[in-house]
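Here is the naming used below: chain letters follow the sequence lines, and residue numbers restart at 1 for every chain.
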Amino acid sequence: MPELPEVECVLRGLEKSLAGERIESVKVLREQSIACPSAKSFAKLVPGRVFSDFVRRGKYLLMSFDDGSGLACHLRMSGALVVKTKEEEKDKHLRVLFKMQSGKELHFEDMRVFGRLWFVKSSTKFQEVIPALNKMGPEPLTDLTHNYLQEKLATRSQSIKAALLDQELIAGIGNIYADEVLFLTGVHPQTRASDLSTAKLKKLVENIRFVLEQAIVAGGSSIRDYKDSFGVNGNYQNEALVYGRVGLSCTKCERKIERVKLAGRSAHFCPRCQRR
DNA sequence: GGCTTATCCTGGGCGC
DNA sequence: TGCGCCCAGGATAAGC
């Protein structure tokens, strides 16, 4: 499931493959995948545009065209943007097909149909069409500091796990990396967010950077449904320390990894290394 | 206002 | 083999 590192890997791949490419046609196979405008308008408005800039904000992919308009995408749980040739086999979960003038194809595949695409006119900013972008917290790789977290978490009574998943607090962290970061920091996921000491917050920020950077280097995670823009699975799942390891031994102390339901999500932790 | 829970959606895994 | 149930989770709406 794509989080910040996976989106970053997809973005880098798309930039390599599609910069300067002109879209010839668009076929929407599942109308639900288009958030804005209507699927019909989307298919009519996008052809003829040329990809120029590629930017990531949190888990959003923001792709600008040379005329100032743009294409935004959120992969949600199972979405993938894959560049293929027209000879390659079409995935059965193909939702939107972009054909380039050069013969390349961009496939938006999405098994669970949670992913969304937006077309943004040249006179409009991405933030005007996607309000979530206005409220999004700092980028963890570049702008996050422990002072910011300390200030924001001081009055939060919710769990630290729920807080890490809040995109308005920090952009881009999802369930997998939140669990990994908390394990490395030695913090139980159910710890009250306001209870973390300054030292723990400093360590938390360091570990957020470390885990996300490691995951990008590994090409993202392949736990469940993620693949990059070349259709290749990542390698980070081989390095996950707690996520998806319920009942297996902790890599530090050999206690069995446990799982609890928290904020509607499963939280994986070591009961000895992450005491409440 | 802060927080939790339900909802959307599909396929894989499991038990019967 | 086939059926039904449960689970996975990001964003958002609804409810407390």
Which is more 5' along DNA chain B, the nucleotide nearest A:A162 or the one nearest A:R265? Just name the residue. A:A162
By nearest-nucleotide position on DNA chain B, the 5'-leaning member of A:R156 and A:Q32 is A:R156
To the nearest Å, give me how far apart [atom1] ([X]) and [atom2] ([N]) are.
X      : N      : atom1 : atom2 : result
A:D166 : C:dA11 : CG    : P     : 10 Å
A:D179 : C:dG10 : CG    : P     : 10 Å
A:L169 : C:dA11 : CG    : P     : 13 Å
A:N134 : C:dA11 : CG    : P     : 15 Å
A:I170 : C:dA11 : CD1   : P     : 13 Å
A:K135 : C:dT12 : NZ    : P     : 7 Å
A:Y60  : C:dA11 : OH    : P     : 6 Å
A:E168 : C:dT12 : CD    : P     : 9 Å

Going by side chain to side chain donor-acceptor pair (under 3.5 Å), name the pairs with one or both residues in residues 266-276 of chain A, residues two or more places apart or in two chains. A:D179-A:H268
Partners passing ring pair (Phe, Tyr, Trp, His ring centres under 6.0 Å) against A:H107 (at least two apart in sequence or in another chain): none
Flag the pair A:E3 and A:K59 as a salt bridge only when some basic side-chain nitrogen lies within less than 4.0 angstrom of an acidic carboxylate oxygen. no
Derivation and outcome, salt bridge (Lys or Arg N to Asp or Glu O under 4.0 Å), residues A:E8 and A:R56: CA-CA 7 Å; A:E8 182 66 32; A:R56 179 191 56 74; 2.7 Å; yes
Name the orientation class of the two ring planes belonging to A:F42 and A:F119 (parallel below 30°, tilted from 30 to 60°, perpendicular beyond 60°). perpendicular
Among A:E88, A:K90, A:E24, A:E87, which residue meets the side chain to side chain contact (heavy atoms under 4.5 Å, CB included) test with A:E105? A:K90
Are A:F114 and the base of C:dA11 stacked, counting only ring centres nearer than 5.5 Å and planes tilted under 30°? no
Does a sphere of radius 6.0 Å around NZ in A:K125 hold more than 12 heavy atoms from other residues, nucleotides or ligands, not counting ones at 6.0 Å or beyond? no
Under-4.0 Å side-chain N/O to phosphate OP1/OP2 contact, [X] with [N]:
X      : N      : result
A:R116 : C:dT12 : no
A:Y243 : C:dG9  : yes
A:Q167 : C:dA11 : yes

First and last nucleotide of DNA chain B, 5' to 3', lying under 4.0 Å from heavy atoms of chain A: B:dC3 to B:dG11
Name the nucleic acid region contacted by A:K261, choosing base, sugar-phosphate or nothing; use a 4.0 angstrom heavy-atom cut-off, strictly under. sugar-phosphate
